[in-house]
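The structure appears right after this line, and notes come after that.
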Amino acid sequence: LNIQLIIKECLKLLRASIPTTIEIRQYIDPRCGAVLADPTQIHQVVMNLCTNAYHAMRETGGILDLSLLPVEINPDDFLTELDLKPGPYVKLKIRDSGHGIEKDVLERIFEPYFTTKKKGEGTGMGLAVVHGIVKSLAGHITATSEVGKGTTFQIYLPSLAETTRPTEGAGEAPLPTGQETIMVVDDEIGIVSLEQSMLEVLGYRVVSFDDSQAAFDAFREKPADVDLVITDMAMPKLTGTQLAQKIKSINPNTPIILCSGYSDIVDEQKAKSIGIREYLMKPISQKNLATLVRTVLDQQ
């Protein structure tokens with residue numbers, strides 16, 4: 001796919017949700033080639049990095065600068081540093097003018113569960129998921145920062161020749177749809193908006209929360225209105241398993257799908273004991289989400 005349109009959609013969503021004290025500048029080169037990726041993966045990467053940039057500037061305002069350019073990596077370039085094979089790439093750069101990141105923190109930002117955010121603002125899984133997506137696409141991500149001057153992320157993704165570009169949707173069966181009401185819970189705002197948009201396109205009614213306690217409070221008021229709950233595992237206030245237990249104490253018949261970046265975070269025996277039906281591994285693709293949601297709902 002050409003990721004230019006996905007990036008523009010993300011920027012429109014961001015512009016509508018962040019204050020005007022933050023200026024968004026963009027330069028997207030139309031000559032960028034296609035990359036082999038799932039649209040939801042690109043959406044998740046861009047929304048996560050831009051949301052982090054917003055958090056770095058929300059108190060003082062600033063500039064969010066995004067560019068997308070075609071680049072060529074040559075054999076004599078710094079391949080050891082970039083960990084890339086020679087060839088054509090698409091380079092996505094996201095820069096903010098926020099408070100910056102200290103060196104000892106910068107060295108750990110891609111570690112799972114490492115975060116400098118205050119309690120209730122995030123779990124530290126966002127950048128780890130971004131790193132995982134980029135690596136799964138045979139790409140590379142770098143981060144540079146200067147305290148008081150801002151942070152820059154650069155992502156390199158292999159660019160495909162037109163002759164190797166797959167035909168979109170060729171031979172694929174249509175995704176299963178539905179009209180049920182689904183509650184989505186994740187403390188990462190970008191992931192919440194991603195899952196909500198994917199489900200609404202499929203016809204579902206979605207109520208979403210980036211606060212697990214608020215999600216439970218809403219469920220407790222009208223438990224019969226929710227047909228399925230999709231919750232992240234690692235969240236402040238209530239974790240995914242704690243939320244599942246509370247929901248099951250009110251309505252044992254409510255099906256729950258648990259999302260996680262790790263397959264061994266909850267063992268199968270414990271998951272079944274608290275009523276978790278299925279796991280959804282991050283990064284989330286629309287195909288996997290659509291199939292799993294329909295399977296769980298049809299088991300009711």
Salt-bridge test for Arg294 and Glu180: reply yes if a basic N is under 4.0 Å from a carboxylate O, no otherwise.
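So Arg294 pairs with Glu180 through a salt bridge.
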Is a donor on one side and an acceptor on the other found under 3.5 Å between the side chain of [X] and the backbone of [Y]?
X	Y	value
Asn2	Gln4	no
Gln242	Thr239	yes
Thr181	Asp227	no

Between atom [atom1] of [X] and atom [atom2] of [Y], what is the distance when rounded to the nearest 0.5 Å?
X	Y	atom1	atom2	result
Leu292	Lys287	CG	NZ	13.5 Å
Ile101	Thr151	CD1	OG1	4.0 Å
Leu258	Ile256	CG	CD1	9.0 Å
Tyr156	Lys93	OH	NZ	9.0 Å

Quick one, Leu64 and Cys50 - any side-chain contact, counting heavy atoms below 4.5 Å?
yes
Kindly indicate whether the side chain of Ile109, heavy atoms from C-beta on, has any atom under 4.5 Å from the side chain of Phe153.
yes
Where Val130 and Ile141 come nearest, the two heavy atoms and their spacing
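Closest approach of Val130 to Ile141, heavy atoms only: CG1-CD1, 3.8 Å.
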Connected hydrophobic set around Tyr27, excluding itself, where side chains approach under 4.5 Å:
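Besides Tyr27, the cluster holds Leu69.
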Atom [atom1] of residue position [X] - does it have more than 12 heavy atoms of other residues, nucleotides or ligands inside 6.0 Å?
X	atom1	result
Glu23	CD	yes
Lys246	NZ	no
Gln299	CD	yes
Arg205	CZ	no

Stepwise side-chain contact (heavy atoms from CB on, under 4.5 Å) test for Ile182 and Val184
CA-CA 6 Å; Ile182 300 174; Val184 172; 4.2 Å; yes
Is there a path from Ile18 to Ile94 through hydrophobic residues (I, L, V, M, F, W, Y) whose side chains come within less than 4.5 Å of each other?
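Hydrophobic grouping puts Ile18 with Ile94.
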Give the cluster check for Phe209 versus Leu243: same hydrophobic cluster or not, with ILVMFWY residues linked at side-chain heavy-atom distances below 4.5 Å.
yes
Run Val129 and Asn48 through side-chain contact (heavy atoms from CB on, under 4.5 Å) and show every step you take.
CA-CA 9 Å; Val129 170; Asn48 196 293; 5.8 Å; no
Applying ring pair (Phe, Tyr, Trp, His ring centres under 6.0 Å) to His131 and not counting sequence neighbours gives Phe110
For the pair Glu9 and Val46, evaluate side-chain contact (heavy atoms from CB on, under 4.5 Å) and give the outcome as yes or no after the intermediate values.
CA-CA 10 Å; Glu9 287 178 7; Val46 175; over 6 Å; no
